[in-house]
Structures are given as structure tokens and as C-alpha cells.
Asks: 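Below is one structure. I have some questions about it.
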Amino acid sequence: MNRQEVEEALNTDLSSGLTSDNAKKRLNQYGYNELEEGEKQSALLLFFSQFKDFMVLVLLAATFISGLLGEYIDAIAIIAIVIVNGVLGFFQERKAEKSLHALKELSAPQVHVLRDGSWMKVSSKEIVPGDVLKFTSGDRIGADVRVIDSKSLEIEESALTGESLPVQKSVNPLNNENPGIGDMENMAFMGTMVTRGSGAGVVIGTGMKTAMGQIADLLQSAETMITPLQRRLEQLGKILIVTALILTALVVVMGVLQGNELYTMFLAGVSLAVAAIPEGLPAIVTVALSLGVQRMIKQNAIVRKLPAVETLGCASVICSDKTGTLTQNEMTVTHLWSGGKTWTVDGVGYEPRGSFYKEEAAIELSVEKALQQMLMFGMLCNHAELIEKKKEYVIDGDPTEGALLVSAMKAGYNREQLLSQFEIVHEFPFDSTRKMMTVIVKDQSGKRFVVTKGAPDVLLGKSTAILWDERKKWLDRETIEGVQSAINQLASQALRTIAFGYKEISPQTVILNETEVEKELTLIGLQGMIDPPRPEVRKAVKECKEAGIKTVMITGDHVITAKAIAKQLGILSHQSKVLEGSELSNMSVEELEEVVEDVSVFARVSPEHKLKIVKAWQNRGHIVAMTGDGVNDAPAIKAADIGVAMGITGTDVAKEASALVLLDDNFATIKAAIKEGRNIYENIRKFIRYLLASNVGEILVMLFAMILALPLPLVPIQILWVNLVTDGLPAMALGLDQPEGDVMKRNPRSPREGVFARGLGWKVVTRGFLIGIVTLLAFMIAYQQNPSHLEYAQTVAFATLVLAQLIHVFDCRSEKSILARNPFGNKYLVGSVILSQLMVLAVIYYPPLQPIFHTVPIKAFDWLVITGLAAIPTFLLAGSFLLRKTK
Ligand code: ATP
């Protein structure tokens with residue numbers, strides 16, 4: 001089919017696209033452009049899965065038996081608590097699942113589509129047959145399309161064909177009657193990747209009606225969503241279960257030996273096991289992770305792989321691109337050079353108004369032929385579009401090209417007019433390895449010219465002549481030095497420089513490849529543009545330094561420009577070194593390893609070098625975050641511990657390889673994400689410590705009572721109530737805690753550190769032990785006062801155990817001590833503690849609940865004793881912190 005036939009068959013207009021109304025109708029007709037996912041777990045199933053835990057089943061069975069034996073109230077109450085616990089677990093898991101799903105949606109790809117005559121970006125799931133799409137190097141194709149425009153378009157189709165070499169695409173109709181997917185040169189398929197050039201196409205199939213849809217079942221991607229900590233907790237969970245079971249069994253055996261009834265001890269034991277096994281831990285960890293991820297989104301960072309949240313907290317090096325990440329990527333040409341003369345041009349941002357000056361005097365452009373020619377070439381060899389939006393000018397496309405477009409417009413050039421004089425017959429797109437872009441144009445008399453722009457040092461190497469005083473002159477040593485000094489002069493002012501060259505070729509010349517074309521050029525001159533540093537970056541770099549994280553600049557830009565900007569941002573100090581791409585090429589990873597820790601700036605690098613840099617840092621034992629945006633950056637992004645892709649300028653390929661996407665392309669966002677990553681991990685440590693210390697306390701009070709031949713200090717339903725009251729909300733609230741003031745003043749955590757590192761295990765054991773002891777003490781005091789009134793002593797023990805845990809929860813907010821920060825700073829925690837205490841008071845003082853919970857009202861004086869004892873585990877150790885501090 002040719003272009004017109006395609007247009008008719010799909011009932012669309014290839015020059016203006018579908019109308020939005022028509023697109024909406026087609027969306028209803030054809031459905032979303034999505035591959036169907038596997039079965040999801042239903043809500044009901046998720047709810048029931050809360051009760052599949054072995055110990056919960058044993059508890060339910062034991063309760064059922066006690067019900068049969070006539071203990072109706074106990075049985076119903078226990079079942080009610082188990083259900084409430086299940087509901088809590090259900091909501092926690094639901095929340096975790098939902099936020100993971102939301103994450104997936106957020107990282108869904110966007111495509112460029114032509115609708116109502118203008119190009120816009122929409123989510124790829126909204127594409128319909130008949131839509132016209134455009135794509136460029138690094139994009140994933142959003143649907144199956146018939147190619148209608150190809151500029152050196154090459155697509156890698158390995159996802160479909162297994163063939164990893166890219167295939168060239170053209171717009172020509174196929175000759176083959178029955179082509180295989182690999183032979184369809186005028187088709188681009190959903191999910192395949194543009195590796196070179198650019199093109200456009202019209203959608204012929206979406207969703208399951210694509211080549212990818214037909215093999216979708218094979219592709220159910222298994223992205224790892226379990227973090228290393230979760231895996232460690234899973235293993236730890238097993239150990240904890242076994243320990244809890246052994247200790248509980250010990251409690252039961254001791255209790256029976258001391259003369260308690262087997263049935264009572266069994267129910268108490270099972271309740272204790274249910275309470276002591278931290279079954280909610282994995283769900284709370286997921287919730288804490290995903291809530292942290294939501295907070296990161298608010299700060300413009302999208303985590304694509306959950307494990308990255310943890311790794312972020314370990315990052316010790318950030319290798320960052322310069323352009324757009326450390327700088328604003330809003331370029332304005334300010335200086336121009338040609339044939340030994342320098343001009344300046346004024347103006348604001350991308351507004352196409354400004355005048356040209358020579359030594360501060362306005363010039364008449366028409367006399368400066370070389371300058372005119374350079375500006376004109378800047379517009380010809382250019383894809384950027386200038387758009388005026390509400391009196392503001394923005395660039396659609398590459399900002400470097402935007403700046404060149406604007407400088408040409410300031411000189412009065414108009415693209416349409418220019419393209420009517422010069423027809424572009426061929427193009428070699430820019431790539432960051434070559435650092436050049438070339439167009440071949442034909443003028444009205446049929447003459448052909450090669451017009452190249454690119455990095456000045458590279459272009460100088462490809463030139464044999466230079467335009468000097470409007471005459472072509474062969475490049476000699478002296479002239480080369482003159483050009484080099486002009487380049488350095490511009491670069492030392494932190495300007496990004498682009499050089500321009502050209503040559504005439506005969507109309508018969510066969511255009512083979514860029515290497516053949518981009519040689520023997522005549523250099524015209526240079527344009528230098530400012531790209532101011534982002535204002536917030538300097539502070540972010542400083543904060544990273546204080547947090548033990550080194551910032552390294554990696555740029556394709558000129559070494560002098562890179563140095564100037566790195567100095568402004570505090571990245572380059574007197575001691576640190578600068579390495580250039582050419583030096584890097586000659587070094588092995590091992591050689592780089594020797595020096596890498598001293599290097600702060602890598603300049604004129606190609607994307608391929610990034611992988612070497614990542615490896616060298618990693619071999620030195622560092623955890624590396626590496627940013628990138630292009631197709632060639634993907635291997636380094638993948639290899640880095642935290643691959644970071646740019647949300648605005650990044651290609652789909654870079655984003656897919658990354659663990660973190662920066663919605664605003666801003667370096668400061670990486671710092672914010674690292675801070676959040678550290679905080680999330682610290683919060684997880686906080687509630688692990690809290691939950692485990694509580695459980696140790698619960699088990700020990702029962703165990704010690706049995707060893708001392710005392711009666712049961714807590715009845716089963718009280719144990720379960722303690723578990724419900726203390727484990728649920730306060731632990732969740734700890735997950736929402738704010739970071740400690742010094743979270744970015746500590747060195748990065750080692751990724752190998754275990755769950756109980758940095759004194760956590762010690763804290764769990766000592767606090768847990770003390771909670772057990774004070775509860776037992778409270779029980780013994782009350783029991784001795786009134787041995788015939790066991791329920792009174794049990795109520796006192798119950799109140800002490802809960803209160804000791806609720807005081808300890810505030811201590812868990814700090815790595816140091818409860819006194820190190822305002823204990824009431826977390827309002828969720830204060831709220832949940834008040835609620836938990838009310839739940840305890842309710843079962844002690846609300847008469848209808850008393851028989852169910854085997855409680856009796858206790859007096860104000862008892863509360864004094866209870867509070868005093870309950871505070872001991874926390875304040876005894878806080879006292880030791882104060883002592884150490886005053887020393
Ligand atoms: P970063 O700092 O993010 O690595 P960069 O823009 O400095 O980005 P590249 O985009 O690889 O790195 O550009 C390398 C060099 O190529 C630039 O310094 C510039 O001289 C030249 N260059 C950049 N964009 C273009 C373009 N569109 N056409 C021709 N040359 C370009």
C-alpha cells in the first residue's frame with residue numbers, strides 16, 4: 001500500500017492526524033492500547049489470605065474447642081480480635097498493592113501523537129488505530145505502525161524476532177507477498193526500540209491486536225519487587241517464628257509443671273505465639289516503603305524498582321550528567337566567533353529578539369557575511385521548534401538547537417523562507433558519540449552542500465580549511481592554534497560551544513555514511529551559549545558531601561566549560577582531578593580504579609565511557625548512582641546500583657533501564673530521594689525495633705512468671721488485645737516518622753549491614769527484657785497485696801505491659817535516645833498512642849467489656865506505680881545516654 005491507500009484504509013489524515021473526538025470514539029470502539037495482564041488477586045481472596053497463617057489457624061481451632069467447652073465469651077472475643085487483626089492486615093496489604101500499582105501507572109510510557117493538527121504527548125494506552133505517531137532514537141514504539149516517514153530510522157526488534165541487530169526502516173511499499181515480521185521494513189512494532197534516526201508512522205493495531213499482543217502471554221514480566229531487607233526479614237521471620245514457638249512451648253510446659261491446667265496453658269500459649277510472631281512485619285515494611293515512594297513522587301522522583309529505595313540510602317557516589325541535571329538546560333547564545341572576530345548578542349531566554357555587537361557597538365549584520373552564513377547554517381541543521389505560549393517562548397526539541405534557532409531568528413532568518421531556498425536531501429542525526437550532526441542541502445541552482453555542526457574540537461579535527469575574511473584558507477598550525485584559543489576563550493566563560501563547517505559536493509556524489517561525509521570540511525566559526533547552573537544544585541552538592549556522598553560530573557561538553565561549571569557548583573576542588581574521554585578510552589577499568597576516587601569531572605566523554613566509570617567506582621566498593629538519558633546510556637544505568645533516568649529529556653530506553661526517574665531532570669531531586677531513602681530505612685528499623693522489643697517483653701513476662709511458679713500474669717484474650725493495640729497503629733505511625741535532623745550528616749549505610757546492625761539487636765533485647773521485668777514486677781506487687789484477687793493483678797500487669805510499650809515507642813524514634821528529639825513531633829504517633837491507651841482503658845473501665853477481658857477497674861494510685869514502672873525500660877537507658885553525653 002502506498003501513503004494514500006494507507007490513509008484511506010485507516011480513514012485518517014496523515015498530515016493532521018485524527019481529531020480528538022474521533023480518537024475518543026475509536027478508544028471506545030477498540031479499547032485501551034494495553035496488553036492484558038494476568039489474573040489479579042480478588043479482594044475477598046486477599047482478606048481470607050490473612051487467616052492462612054499457621055498459628056492463627058491453631059488459635060482459631062483452639063478457640064473453637066474452648067467454645068465447645070462452654071467458654072463462649074472468650075471464644076467469640078478471640079475470634080473478633082483475630083478478625084479485626086485480619087482486617088487491619090487486609091488494609092495494609094491493599095494499600096501496599098495499590099501504591100505499587102500506582103507506581104506502575106506513573107512510569108507508563110508516553111508517546112508523541114498528532115491530533116487536531118498539532119503534536120502532543122499522551123499516555124501510550126490512549127493511542128488508537130489511525131493515530132499518527134512520531135518517534136526518535138531511544139523511543140519505544142507505542143503500537144504497531146506503518147512507517148510514513150524515515151530519517152535514517154533504525155529499529156531494534158529483538159523483543160519480537162530475537163535478532164539484536166537493528167533493522168533499517170523505510171516508507172516504501174513491500175515487494176514480498178508474505179513477509180515475516182523481520183522483513184516488514186515499512187512497519188514498526190509495539191515494544192520495539194528506535195536505536196537511530198527518527199520517523200513517523202500511522203497506527204494500524206493496538207493492544208492485543210499487535211504483534212506483541214500475540215505473544216503477550218510469554219512476556220509477563222517478572223520485575224523484582226522484593227527488596228534486600230524484605231528478603232532478610234523473610235529469613236529472620238522464620239527464625240523468629242521458631243524462637244517464639246520454642247519459648248511459648250517452654251511457657252506451656254513450665255506452666256503445666258507448675259500445676260496449671262493443660263487446656264488453659266495451651267490457649268495462653270497459642271495466644272502468646274500469635275502475639276509474639278510479628279506476622280504483620282512484611283506488610284508494614286511494604287507500606288512504609290510504598291508510602292516513602294509516594295513522598296518521593298511529591299518531590300519529583302519516581303522509583304521504578306522498589307529495592308532501589310533501600311539502595312538509595314547506601315549511595316556513596318552520584319555520577320551526574322551536566323546539561324539539564326546540574327544546569328538549567330535553557331541555552332542562550334551570547335558569543336559568536338568567526339575568522340578571528342568575536343561578536344556578542346543580547347536578548348532574554350528564547351525570545352527571538354536581540355541585537356549583535358562588536359566590542360559593545362551594534363553592528364550591521366549585512367556586512368558580516370561569515371557571521372550570517374554561520375547563523376543560517378545553525379537554522380538549517382536544526383530540528384528544534386520555537387513555540388510561543390502565553391507570551392512565553394519555549395523550545396520543543398533539543399535546547400542546544402533551540403538556542404541556535406533563536407540566534408538565527410535574532411538575525412532575521414525565517415525557517416520557511418530558508419527551506420524554500422535550500423532543500424534538505426539527507427540527514428545524519430546528532431549522536432553523543434560522534435558529537436556532530438550533518439544535513440546535506442540542495443540550493444535552487446542544484447548545488448549540494450554538506451552542513452555540519454558539532455563539538456568544536458571534533459569539528460576542527462574534521463576540517464581542512466577555514467573561512468577567514470570571507471575567503472577559504474587551508475588550516476595551518478598557527479590557524480589551528482588560533483581556533484583552539486578561541487574555543488578555550490569561550491569555554492572558560494562556562495559557555496557551551498558549537499562549531500559550524502561546510503563543503504560543496506557534486507550532485508553525483510553517492511552518500512554512503514557519515515564518516516565519508518563529515519570530513520574535509522571548511523570551518524566557519526563558533527557559537528557559544530550560556531547554560532546557567534540550577535540555583536539549588538550548589539546547596540544539594542554540599543549536603544551530599546556532608547552525607548558522605550561524592551558528586552561527580554560526567555559530561556560530553558568541553559573540558560574547560562565543564563571545569564568552569566563544576567567550580568561554580570562546588571564539585572571541583574583544588575585536590576580533585578579532571579579526566580577527558582580521550583584519556584578514558586586508553587585506560588582499562590583497573591587503571592581507572594587507581595585514580596577514580598580523585599576525579600570529580602569527566603569531560604568530553606561518550607556514553608560508552610560511563611559503564612567503565614560505574615565499574616571502577618563499584619570495584620572500589622562504592623554504591624553508585626548514575627544518571628543518563630540516551631539509548632547509549634542504558635548499559636551504564638543498568639549496571640549502576642541506582643540507575644537514574646531523566647523524566648523530561650530521557651528516552652524510553654533509559655527510563656526502562658533505570659531504577660529512579662527524575663520528573664524534573666534535577667540533581668537536587670536525587671539528593672532529596674537519597675534523603676527519603678535513608679529515612680524510609682531508618683523508619684523500618686524503628687518499627688522493627690519497637691515490634692520485636694514488645695514481643696520479647698510479652699514472652700518474657702509469661703516465661704518468668706512460670707519459672708517463678710506464679711499464676712498466669714495475663715489471660716489469652718489480654719495477650720491478644722495487647723498485640724492488637726500495640727502492634728498495629730503505633731508501628732504504622734513509626735513508618736510515617738520524619739527523618740532525624742542528622743540523617744544527611746551521617747555516612748552512607750553499608751549495603752551488607754544486617755537487620756540488627758548498629759546496636760539495634762542490643763536495643764531489642766535490653767528494652768524487651770526490661771519491659772518483661774517491669775510488667776512482672778507490677779504483677780507481683782499487685783498479687784502480693786491481694787493474692788485472692790488474681791484478676792486485679794492481671795489487670796495491673798496488662799496495663800503495665802501496654803504502657804511500657806507505648807512509652808518505648810517514642811524512644812524508637814531516635815537512634816540515640818528518647819531525649820534526643822521532641823518525642824511528640826510525630827502527630828500520627830501521638831494520635832495512635834492515645835487511641836491505643838483509650839482501647840486499654842475501655843477494656844478496664846467499661847463494665848460490659850470487663851467480663852470479656854477478665855479485667856477489674858484499678859485505682860489512681862495503681863496508675864502511679866504502673867506509669868513509674870512502665871517508664872523504666874525507656875528512661876533507665878535514656879539516663880545512660882545523658883550520662884554519656886555529659887561526659
Ligand atoms: P551531558 O552534560 O548531559 O553529558 P552534553 O550535552 O554536554 O550532555 P552531549 O549531548 O553528548 O553532552 O553533547 C556533546 C557535545 O556535542 C556538546 O558539548 C556539543 O558541543 C555537541 N552537541 C550537543 N548537541 C548537539 C547538536 N544537537 N548538534 C550538534 N552538536 C551538538
Side-chain angles (χ1 to χ4, degrees), residues 330-425 427 437-445 447 449-454 456 467-471 486 490 495-502 504 522-531:
E330 274 185 19
M331 317 254 183
T332 317
V333 173
T334 57
H335 289 67
L336 304 98
W337 179 94
S338 175
K341 290 190 222 166
T342 305
W343 301 271
T344 54
V345 53
D346 63 5
V348 183
Y350 291 120
E351 192 180 334
R353 268 179 286 276
S355 313
F356 291 78
Y357 303 87
K358 177 139 192 0
E359 283 154 15
E360 290 175 27
I363 56 156
E364 185 56 53
L365 261 169
S366 55
V367 267
E368 302 288 1
K369 292 277 182 282
L371 175 62
Q372 273 187 319
Q373 198 176 353
M374 175 164 73
L375 288 163
M376 181 184 89
F377 282 172
M379 186 178 250
L380 268 181
C381 189
N382 196 321
H383 277 298
E385 304 273 347
L386 183 68
I387 302 166
E388 192 185 346
K389 264 191 205 160
K390 294 185 200 138
K391 293 247 154 57
E392 281 217 15
Y393 290 92
V394 289
I395 290 294
D396 181 14
D398 177 1
T400 304
E401 294 186 353
L404 300 175
L405 180 71
V406 170
S407 68
M409 287 168 85
K410 284 176 181 168
Y413 285 105
N414 171 305
R415 191 180 254 160
E416 263 176 33
Q417 215 177 341
L418 208 56
L419 289 178
S420 66
Q421 292 168 14
F422 296 97
E423 187 196 339
I424 297 179
V425 290
E427 178 184 321
M437 165 179 175
T438 293
V439 288
I440 297 174
V441 296
K442 187 169 85 178
D443 74 2
Q444 281 155 332
S445 64
K447 282 189 187 164
F449 297 93
V450 168
V451 177
T452 302
K453 73 178 199 304
L467 208 60
W468 201 282
D469 290 334
E470 288 166 35
R471 269 199 305 272
L490 294 184
L495 298 178
R496 177 180 179 81
T497 42
I498 301 284
F500 298 82
Y502 76 104
E504 192 181 340
T522 300
L523 191 79
I524 312 177
L526 312 166
Q527 294 201 39
M529 51 192 82
I530 48 163
D531 177 16

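Sequential numbering from 1 along the given sequence is applied to the chain's residues.
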Asks: Mind telling me whether F422 and F449 have parallel, tilted or perpendicular rings, with 30° and 60° as the class edges?
Replies: perpendicular
Asks: What side-chain donor-acceptor pairs closer than 3.5 Å can you find for residues 414-421, not counting sequence neighbours?
Replies:
unit_1 : atom_1 : unit_2 : atom_2 : d
N414   : OD1    : E416   : N      : 2.9
N414   : OD1    : Q417   : N      : 3.1
R415   : NH1    : A384   : O      : 2.8
R415   : NH2    : N382   : O      : 3.3
R415   : NH2    : N382   : OD1    : 3.4
R415   : NH2    : A384   : O      : 2.9
S420   : OG     : Q417   : O      : 2.5

Asks: Can you list everything that forms a side chain to side chain contact (heavy atoms under 4.5 Å, CB included) with A403? Sequence neighbours excluded, please.
Replies: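 Applying side chain to side chain contact (heavy atoms under 4.5 Å, CB included) to A403 gives M331, V333, M529.
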Asks: Could you tell me which residues satisfy side chain to side chain contact (heavy atoms under 4.5 Å, CB included) with V406, sequence neighbours excluded, listed by chain and number?
Replies: Y350, L386, K410
Asks: If you round to the nearest 0.5 Å, how far is CD1 of I440 from SG of C381?
Replies: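 Going from SG on C381 over to CD1 on I440, the span is 10.5 Å.
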Asks: In Å, rounded to the nearest 0.5 Å, how long is the span from OG1 of T334 to CG of L336?
Replies: 8.0 Å
Asks: Under the side chain to side chain contact (heavy atoms under 4.5 Å, CB included) rule, what do Y502 and L380 come out as? Steps first, then yes or no, please.
Replies: CA-CA 12 Å; Y502 76 104; L380 268 181; over 6 Å; no
Asks: Among residues at least two apart in sequence or on other chains, which ones pass side chain to side chain donor-acceptor pair (under 3.5 Å) with T344?
Replies: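 Checked T344 against side chain to side chain donor-acceptor pair (under 3.5 Å); zero matches.
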Asks: What orientation do W337 and W468 show, parallel under 30°, tilted 30 to 60°, or perpendicular over 60°?
Replies: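 Answer is perpendicular, since the angle exceeds 60°.
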Asks: Tabulate below the donor-acceptor pairs under 3.5 Å that side-chain atoms of residues 355-376 make, not counting sequence neighbours, or state none.
Replies:
unit_1 : atom_1 : unit_2 : atom_2 : d
Y357   : OH     : D346   : OD2    : 2.8
E368   : OE1    : K341   : NZ     : 3.0
K369   : NZ     : S366   : O      : 2.8

Asks: Mind checking side chain to side chain donor-acceptor pair (under 3.5 Å) for S407 and listing every partner two or more places apart, or none if nothing turns up?
Replies: Q527
Asks: List the atom pairs, with distances to 0.1 Å, where a side-chain N or O of residues 392-402 and a protein N or O form a donor-acceptor pair under 3.5 Å, not counting sequence neighbours.
Replies:
unit_1 : atom_1 : unit_2 : atom_2 : d
Y393   : OH     : R353   : NH2    : 3.3
D398   : OD1    : T400   : N      : 3.0
T400   : OG1    : R496   : NE     : 3.2
T400   : OG1    : R496   : NH2    : 3.4
E401   : OE1    : H383   : N      : 2.8
E401   : OE2    : K453   : NZ     : 2.9

Asks: Go through the structure and list residues passing side chain to side chain donor-acceptor pair (under 3.5 Å) with S338, not counting sequence neighbours.
Replies: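 Residues passing side chain to side chain donor-acceptor pair (under 3.5 Å) with S338: none at all.
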Asks: Going by the rule side chain to side chain contact (heavy atoms under 4.5 Å, CB included), which residues pair with K442 if we only count those two or more places apart in sequence or in a different chain?
Replies: E423, V425, R448
Asks: Quick one: are L523 and L467 in side-chain contact, heavy atoms under 4.5 Å?
Replies: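 With C-beta onward as the side chain, the pair stays apart.
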Asks: Which pairs, with at least one residue in residues 370-379 and sequence neighbours excluded, count as a salt bridge (charged side-chain N to carboxylate O under 4.0 Å, His left out)?
Replies: none
